[in-house]
Amino acid sequence: METKKIAFLGTAEQEAELLAAIDDMRNLPGALMPVMQKAQEIYGYLPIEVQEIISDAMDVPIEKIYGIATFYAQFNLEPKGKHQISVCLGTACYVKGSQLIFDEISKQLGIGEGGCTDDRNFSLSSCRCVGACGLAPVMLVDDDVYSQMTPGRVEEVLAKYA
Amino acid sequence: MTDNIITSLADTSFYKIQRRIALKNCGVIDPENIDEYLAMDGYMALHKVLTEMTPDDVIQVMLDSGLRGRGGAGFPTGLKWKFAKGYDAPQKYVCCNADEGDPGAFMDRSVLEGDPHVVLEAMAIAGYAIGSSQGYIYVRAEYPVAVKRLNIALQQAREYGLFGKNIYGTGFDFDIDIRLGAGAFVCGEETALMTSIEGNRGEPRPRPPFPAEKGLFQSPSILNNVETWANIPQIILNGADWFSSVGTEKSKGTKVFALGGKIRHTGLVEIPMGTPLSTVIDEIGGGVPNGKKFKAAQTGGPSGGCIPASHINVQMDYEHLAEIGSIMGSGGLIVMDEDNCMVDIAKFFLTFTCDESCGKCTPCRIGTKRMLEILDRITSGKGTMEDIDKLEDLAYYIKDNALCGLGQTAPNPVLSTIRFFRDEYEAHINDRHCPAAVCKELFHYVVDPDKCIGCTQCLRNCPPFAITKTDYIAEGHKLPSVKIDNDKCIKCGACIEKCKFDAISKQ
Amino acid sequence: MKSMQELAAIREAMKAEITLAGKPGAKRVVVGMATCGIAAGATPVLNAFVDGVKEAGIGDKVSVKQTGCVGICQYEPVAEVYDGTERTTYVKMDAEKAKRVVEEHLIGGKVVTEYTIGATEV
């Protein structure tokens with residue numbers, strides 16, 4: 001996994017959008033999660049800078065926000081690449097060999113689970129069942145589904161997004 | 001019907017044996033059009049309870065129907081409602097668990113995407129029964145289509161006056177908020193789910209107090225799973241006797257299974273409780289493909305177990321599955337053949353639960369980790385026979401001491417595979433051999449020089465260049481065969497995939 | 001907010017559209033548009049049916065609707081045609097096949113047997 005810090009590039013517009021959303025949701029019971037989900041939708045990820053905005057605007061300690069952000073798999077503390085690759089490691093895909101697909105992608109891009117390539121073109125993750133078990137093994141690049149994958153087809157699929 | 005070819009799904013063996021109750025409208029109506037749901041008697045059950053029944057009547061029907069939770073544990077739904085009704089509070093909550101997390105299970109997604117109104121209607125019925133005006137649906141963010149259709153359905157129901165204030169002019173108010181899960185398996189556990197809706201880390205809470213007394217926002221609450229909800233309007237309309245006439249003595253109604261893995265016809269199947277597993281696999285599923293042998297069926301996902309061929313006639317209901325160390329679970333049904341290694345499968349599920357353990361209680365956080373380390377040893381050829389005993393000891397300890405359902409059931413896949421496939425564990429340990437040729441360190445690839453025609457497809461596709469030509473030319477062939485250097489081989493399987501002559505095998 | 005009478009009217013009208021009862025010659029096409037169907041390519045199939053029916057000017061006789069998952073994953077995309085009491089299940093569809101079904105089945109009244117579930121091996 002890559003651990004180097006990637007610079008925060010948030011804009012004033014993004015911050016204004018987030019603050020407006022917080023004002024809308026403030027009185028919702030249990031508002032913090034929906035706010036964080038909205039923030040991730042706006043910024044694409046939840047770096048410490050964004051967590052601080054939420055903390056100030058909602059008057060919630062930053063450690064609580066960080067605690068939630070690190071608890072749920074959906075929240076990313078690292079930016080995502082332009083193209084997001086996810087390989088299904090659900091049971092049906094797994095028994096049909098999806099781990100081999102994941103390993104091959106990892107090797108070709110030189111990144112592990114949750115990693116992002118230096119050019120921010122690809123990020124890689126494994127996912128739980130996408131509900132397409134009849135098409136196993138399955139990988140997704142953004143919204144495109146590649147079914148009945150083999151390690152041999154990985155290079156060809158990645159080339160489409162290079 | 002033309003030339004004896006089956007042209008309708010309704011005539012296939014896959015479909016004929018099924019009994020569709022929860023999935024009645026899925027694949028029939030347009031889920032984004034409330035009028036189509038209305039045409040299928042939609043919102044008539046809600047009308048019936050609001051105009052003809054008292055809350056106690058509704059609960060009595062639920063109790064009489066024998067409906068039990070379809071999320072896995074099988075707790076009687078009516079009882080849950082009865083408890084929640086018994087507590088007085090200014091606000092109570094009705095929650096829907098749509099955080100379907102078991103790998104391989106997707107029946108809840110299908111209901112939400114195919115028939116979202118049924119869930120809304122059922123939750124309103126429960127609201128009336130327990131005295132609640134507010135519901136929450138906690139749905140996986142990974143199901144964007146389901147979320148979209150739920151939102152459309154809610155909007156339409158509100159516009160028609162079937163949701164919101166003064167429903168059907170009876171003075172009953174009910175509305176629902178949709179909350180998105182954020183990818184934590186433990187949030188499928190009821191107290192963790194409620195903690196998450198409250199806006200916290202989704203950690204489970206000790207019970208008691210049970211949610212019926214102190215649930216969401218410390219108020220009396222009920223939580224039912226999507227498939228459970230999908231049965232309820234029909235139970236109200238057709239009566240408890242109609243529902244309880246389907247199924248077995250203690251397991252009433254139907255169950256939806258997501259049939260997958262090594263099976264000819266994958267898909268969603270809804271069958272009466274008590275249907276034998278063999279009927280599902282052979283008749284509905286069409287058997288194991290490619291001439292392979294059935295080895296086991298896995299039910300209940302990471303909380304369940306494996307059913308071996310010797311129990312293939314087991315009745316699929318709560319009691320019989322529990323008897324052989326598995327569980328009904330949410331309905332994942334994964335078929336495995338002779339190419340699946342059962343130790344590896346146990347490791348796969350344990351990796352999952354270890355990863356998803358929230359970390360709050362020690363037995364689950366540390367215990368699953370230790371078990372996983374032992375399984376890692378065994379699958380890499382470094383295990384000892386004592387390791388099997390250690391696994392069992394740890395498993396029972398975790399089952400007895402973990403805080404929530406995730407931890408209490410996490411050892412099940414290991415216990416059930418040790419029970420039925422002990423020989424495979426022993427082969428990994430004593431012979432340093434993986435009989436199914438799955439565990440990478442315990443098998444190798446072999447070229448049959450007499451079948452190899454020397455086309456070198458494998459050689460050219462071998463990532464680590466582990467394949468080389470030999471001097472041997474088999475009779476009738478023109479080119480020399482190849483061989484594999486086991487020290488270089490990474491066991492990716494690319495060669496076997498490329499070979500058109502069946503010349504490479506795993507041993 | 002709808003009155004009971006309005007709801008009852010919607011119910012009856014839509015029931016007739018779904019069951020085709022009392023509508024001789026009417027047909028209903030449903031395309032499986034759950035996540036699995038969409039992933040397998042059901043969107044262009046649905047569009048092809050919608051466009052085909054429109055172009056042929058048979059919109060008053062044939063309704064085209066999206067629906068949820070009918071449960072047969074590996075046959076996706078799936079489209080079903082209801083014609084009177086007859087139900088035909090077309091599997092592994094694409095836009096081209098949909099066009100042919102529009103022409104031969106929806107307009108011509110003849111089932112395209114080769115695209116049906118019984119004729120398709122998986």
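Residue numbering restarts at 1 for every chain, and letters A, B, ... go by the order of the sequence lines.
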- Shortest non-hydrogen contact from C/T67 toward B/V28: OG1-N, 3.1 Å
- Which distance, rounded to the nearest 0.5 Å, do you find between the CD1 of C/I10 and the OH of B/Y160? 4.0 Å
- Message: Are C/T35 and B/Y143 packed together at the side-chain level, in the sense that at least one heavy-atom pair is separated by less than 4.5 angstrom?
- Response: no
- Under a 4.5 Å heavy-atom cut-off, does chain C meet the side chain of B/M40, its backbone, both or neither? side chain
- Query: Say you draw a straight line from OH of B/Y37 to CD1 of C/I18; how long is it, rounded to the nearest 0.5 Å?
  - Reply: 12.0 Å
- Message: For B/D41 versus C/K15, what's the shortest heavy-atom pair and its separation?
- Response: OD1-NZ, 3.4 Å
- Task: Mind running side chain to side chain contact (heavy atoms under 4.5 Å, CB included) on C/T88 and B/S8 for me, showing each step along the way?
- Result: CA-CA 5 Å; C/T88 309; B/S8 169; 6.0 Å; no
- Closest non-hydrogen atoms of B/P31 and C/G68, given as atom of the first, atom of the second and distance, are CD-N, 4.1 Å
- Heavy-atom pair with the smallest gap, counting every atom of C/A34 and B/R109: CB-NH1, 4.1 Å
- Does C/M14 reach the side chain of B/N33, with side-chain heavy atoms less than 4.5 Å apart? yes
- Message: Could you report the tightest heavy-atom contact between B/G267 and C/C73, atom names first, then the distance?
- Response: CA-SG, 3.5 Å
- Message: Quick one, C/M33 and B/R149 - any side-chain contact, counting heavy atoms below 4.5 Å?
- Response: yes
- Ion pair check, C/K2 and B/D35, cut-off under 4.0 Å: no
- Taking the side chain as C-beta and beyond, is there a heavy-atom pair between B/T7 and C/Y115 under 4.5 Å? no
- Query: B/D30 and C/R28: which non-hydrogen atoms are nearest, and at how many Å?
  - Reply: N-NH2, 4.2 Å
- Go through the atoms of B/E36 and report whether side chain, backbone, both or neither lie under 4.5 Å from a heavy atom of chain C. both
- Rounded to the nearest 0.5 Å, what separation is found between the CG atom of B/L268 and the SG atom of C/C36? 7.5 Å
- Distance (rounded to the nearest 0.5 Å) between C/R11 CZ and B/L38 CG: 5.0 Å
- To the nearest 0.5 Å, tell me how far B/L9 CG sits from C/Y75 OH. 9.0 Å
- Note on the structure: If you tally heavy-atom pairs under 4.5 Å between each of B/A39, B/C26, B/G161 and chain C, the highest tally belongs to B/A39
- Side chain from CB out, backbone as N, CA, C, O: work out which of these in B/L162 comes under 4.5 Å of a heavy atom of chain C, or both, or neither. side chain
- Task: Identify which of C/V30, C/T19, C/V91, C/I72 forms the greatest number of heavy-atom pairs closer than 4.5 Å to chain B.
- Result: C/I72
- Item | From B/D11 atom CG to C/T116 atom OG1, the distance as rounded to the nearest 0.5 Å | 10.5 Å
- Region of C/E80 that comes under 4.5 Å of a non-hydrogen atom in chain B: side chain
